[in-house]
Engineer: 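Sharing a structure below in structure tokens format, with a few things to ask.
Counting starts at 1 for both ligands and their atoms, in listed order.
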Amino acid sequence: MENLYSDLANIYEAMYQTFIDYEDEYLFYSQILRKNKKQNLLEIGSGTGNLAHHFSQNNFDYQGLDFSEDMIKIAKSKNKNAQFLQGDMRDFNLEKPVDSILITGRTISYLLKNEEVNNTFFSINKNLNQGGIVCFDFIDANQFIPGISKGKKLTHEVVFENVEYRRDSFWSLTLKNGFDFRWISHFFQKENKEWKKIGEDDSVIRTFTKDELEVYLELNGFRVLEKIKRAAYAFPTIVIVAEKIK
Ligand SMILES: C[S@@+](CC[C@H](N)C(=O)[O-])C[C@H]1O[C@@H](n2cnc3c(N)ncnc32)[C@H](O)[C@@H]1O
């Protein structure tokens, strides 16, 4: 069952702080916004609010949107002045359109069906001002999928606030709707020198080729401005920046 962002939201918050350098994420994405002269933004998949903190501190006009009430609860507790909306990227309506929309942390991986990808870019277009930009990262199928064709096991051990955590991951190809794979995770915490299981997650994650995403963008009124290769903690990723032209 997929529950990393509900029952396991606190474990996500602890472990991902160590996987992802959010300050570096902020510097990377804010530089793209500044280069395109954008000051207000919606972050889709705002999670536990780690980027919200940096954007709000640096005078960006920030709003977050996330599907999960549990993630939003943590995000709000850390960012008293930022605005977070509960919503679904596949169909959402802001009160007022914004100048930029970010989707970070490979959140588009949860768009398993082609229709969901298309609906998401349609919704994004609807909620952007003319000339607005969308900027998102994705796991690059070309670089990632061949390497897991026979399945893969891997372990991450981290320490956060003096607590030791471990995640054992099992990856296997599903290839149901696109270049997708099944990711089973078992989470552990060390107690009295013993690993104690604290949760598990079973999700299907979709990777993409940059060419197919370019088609979805074009279908929904966008022109690609930039494609940037960028390594993430466990995945080869690409970031696309696209401008609303229709
Ligand atoms: C991989 S996490 C990334 C969180 C954050 N951006 C970060 O880097 O830590 C994905 C987030 O997207 C949210 N999410 C998943 N599907 C969504 C959807 N259809 N609409 C909005 N948010 C969604 C999850 O609840 C989760 O908080």
Engineer: In ligand 1, which numbered atoms sit nearer than 4.0 Å to a non-hydrogen atom of G105?
Structural biologist: 1 (C), 8 (O)

Engineer: Show the nearest heavy-atom pair for residues V241 and C135, with the distance to one decimal.
Structural biologist: CG2-SG, 4.0 Å

Engineer: Quick check: do L65 and E43 have side-chain heavy atoms less than 4.5 Å from each other?
Structural biologist: no

Engineer: Under 4.0 Å from a heavy atom of G47: which atoms of ligand 1 are those, numbered in the order shown and with their elements?
Structural biologist: 4 (C), 27 (O)

Engineer: State if S109 counts as touching ligand 1 under the rule of any non-hydrogen atom under 4.0 Å.
Structural biologist: no

Engineer: Would you indicate which of Y110, Y16, F19, Y22 comes nearest to atom 8 (O) of ligand 1 when only heavy atoms are counted?
Structural biologist: Y22

Engineer: Quick check on contacts: which atoms of ligand 1 are under 4.0 angstrom from a heavy atom of G87?
Structural biologist: 20 (N), 21 (C)

Engineer: Return yes or no for this condition: an N or O of I44 is under 3.5 Å from an N or O of ligand 1.
Structural biologist: no

Engineer: Are any of the N/O atoms in D66 less than 3.5 Å from those in ligand 1?
Structural biologist: yes

Engineer: Closer than 4.0 angstrom, basic N to acidic O: yes or no for E243 and K37?
Structural biologist: no

Engineer: Given that the side chain starts at C-beta and the backbone is N, CA, C, O, which of these parts of M71 lies under 4.0 Å from ligand 1, counting heavy atoms, or is it both or neither?
Structural biologist: side chain

Engineer: Check contact between E43 and ligand 1, using heavy atoms of the residue and a distance below 4.0 angstrom.
Structural biologist: yes

Engineer: Within 45 degrees of the ring normal and closer than 6.0 Å to the centroid, is that where the cationic atom of R106 sits relative to F208?
Structural biologist: no

Engineer: Please report the shortest heavy-atom distance between E13 and N50, naming the atom on each side.
Structural biologist: OE1-ND2, 3.6 Å

Engineer: If you count the atoms of ligand 1 from 1 in the order shown, which ones are under 4.0 Å from a heavy atom of D88?
Structural biologist: 18 (C), 19 (N), 20 (N)

Engineer: Would you mind listing which atoms of ligand 1 come within a distance below 4.0 Å of any non-hydrogen atom of T104?
Structural biologist: 6 (N), 8 (O)

Engineer: Under 4.0 Å between a side-chain nitrogen and a carboxylate oxygen: does that hold for E157 and K190?
Structural biologist: no

Engineer: What I'd like to find out is whether the side chain of Y233 reaches to under 4.5 Å of the side chain of Y16, using heavy atoms alone.
Structural biologist: yes

Engineer: Check if N50 has a non-hydrogen atom at a distance under 4.0 Å from any atom of ligand 1.
Structural biologist: no

Engineer: For Y5, which part has a heavy atom under 4.0 Å from ligand 1: side chain, backbone, both, or neither?
Structural biologist: side chain

Engineer: Within the structure provided, determine whether I184 and D201 are in side-chain contact (heavy-atom separation under 4.5 Å).
Structural biologist: no

Engineer: When you measure from the heavy atoms of F92 to every atom of ligand 1, does any distance fall below 4.0 Å?
Structural biologist: no

Engineer: Side-chain contact, heavy-atom cut-off 4.5 Å: I133 with L33?
Structural biologist: yes

